[in-house]
Amino acid sequence: MTSMSRARVARRIAAGAAYGGGGVGLAGAAAVGLLLAEVRLARRHVGNGSGGRVPTADGIYGHSYDVPGEPPLRLAMLGDSTAAGQGVHRAGQTPGALLASGLAAVAERPVQLRNVAQPGAQSDDLDRQVALVLGAPSPVPDICVIMVGANDVTHRMPPTRSVRHLSSAVRRLRTAGAEVVVGTCPDLGTIEPVQQPLRWLARRASRQLAAAQTIGAVEQGGRTVSLGDLLGPEFAANPRELFGPDNYHPSAEGYATAAMAVLPTVCAALGLWPAEEERPDVTRREGFLPVARAAAEAASEAGTEVTAAMPTGPRGPWALLKRRRRRRVPEAEPATPSV
C-alpha cells in the first residue's frame, strides 16, 4: 500500500472515529476469517498478552538531581502490556523506568513514575486508566505516555472505535494540563510464530491503525511516535536478542530500543530538547505535511514523530514530521517508592 493510499484509509478511519462511524475495516472483509484463524494459531504459541508477572516500577528516579523545595517531574504510563513492561523480570528494565531515568538525566531533575497500564488491554480500557491517573490525590502528571493498539488488531476491534477511545483519552489528559505522547501500534507482522499470509495482513492492519491513531492523537493536541521498531526491523533481524522468552513481548534490550525512540519526543513535549533540533531538517526528510500524509509516512518508518503544526487549511490540519536523533537511555536505577 502506498503512502498516499494509506493516508486516505487513515483519514477515513479517523473521520469515522470522530463522527461515530464504525464500518471501516483494517485488512478487508475477505481476509477476516483467515486472519482470525491464523491469530488463534499464533496465540497458542505466544499467549495473548494478558498473562505473566509485570515488575512494579512506580517510584522516584534520578535522586542525584534532587533539589530541596523543587518537586519531581511526574510521568504516567498508560496502555497495554508494552507500556506495562511485560516480558522482563526487573523493574528497571520496563519502558516506564527507562523513560523516567532518561527524562531525569535530560531534565536534571527527579522524575516520579506512575504506571497504570494493563497487560492485555485494548483501547477501550484507556477510559478507566485515565480516570485512575486524573483521580489520584497527587497533581496531574506533567506528561503521559500511551502505548496501545496491538490487542485492538488481534481482537478485531473496529479501528474507528479504537481511535475514538484513544482520541478521548488524549483529549481528557490534555484538557487536564498534561502533555501526551502516544507510541502507536507496533508492527505485528514480525512476531516469530506468525506465518504468511497473516504476516502481511498483520503488518498492513498495524500500519493502518498506527496512521489513524496518529491523526486522532495529533488532532487532540498530543504527539505520536511510530513504534514499528518495537516489533519491527530490528526485532526481525535480531529476534533472539530483542524478543523476550515468549517470542511476543520485547526483551530488556527491546524495551530499551523503544524507550530510546520515545524519549526525545517526551523531552521535546516538555521543552527540554535543544532548540536547534526543533527546526525541521530537510536532509532528514522532515517538514510540514497534511496530518494524514504525515501519519502515513510515520507508520512506515519507526521512530518518526508527528505533532500538530498549523491551523486547518483546505487539505485539513497540518503536522510537523520529525525523525529525531535518538539518545541512549541510561540504565534505570532502583526507584524510591512513591509516598
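Heavy atoms only: backbone and side chains are in, while hydrogens, waters and symmetry mates are out. Start at 1 with the first residue, then count along the sequence.
Residue Arg109 holds its CZ atom at 4.0 Å from CG of Leu73, rounded to the nearest 0.5 Å. To the nearest 0.5 Å, atom CH2 of residue Trp273 and atom OG1 of residue Thr265 are 8.5 Å apart. The distance from the OG atom of Ser123 to the CD atom of Gln129 is 9.5 Å, given to the nearest 0.5 Å. Once rounded to the nearest 0.5 Å, the distance linking CG of Leu113 with OG1 of Thr56 reads 10.5 Å.
For Arg74, the salt bridge (charged side-chain N to carboxylate O under 4.0 Å, His left out) partners at least two apart in sequence or on another chain are Asp142. Applying the side chain to side chain contact (heavy atoms under 4.5 Å, CB included) test to Arg114 and every residue at least two apart in sequence or in another chain returns Asp58, Val116, Leu132, Ala136. Listed by chain and number, the residues in a side chain to side chain contact (heavy atoms under 4.5 Å, CB included) with Ala76 are Leu78, Val133, Pro141, Cys144 (sequence neighbours excluded). A search for salt bridge (charged side-chain N to carboxylate O under 4.0 Å, His left out) contacts involving Asp66 returns nothing, not counting sequence neighbours. Legend: residues meeting side chain to side chain donor-acceptor pair (under 3.5 Å) with Thr304, ordered by chain and number and at least two apart, are absent.
Pairs of residues two or more places apart, or lying in two chains, that qualify as salt bridge (charged side-chain N to carboxylate O under 4.0 Å, His left out) and include a residue from residues 119-140 are Asp124-Arg161, Asp125-Arg128, Asp127-Arg172.
Tested against Cys267 for a side-chain contact (heavy atoms from CB on, under 4.5 Å), the candidates Leu272, Val262, Val181 yield a single pass: Leu272.
Using a 4.0 Å cut-off between a side-chain N of Lys or Arg and a carboxylate O of Asp or Glu, Glu278 and Arg324 qualify as a salt bridge. We find that Lys322 and Glu286 are joined by a salt bridge, their nearest charged nitrogen and carboxylate oxygen being less than 4.0 Å apart. Under the 4.0 Å criterion applied to side-chain N and carboxylate O atoms, Arg323 and Glu305 are not assigned as salt-bridge partners.
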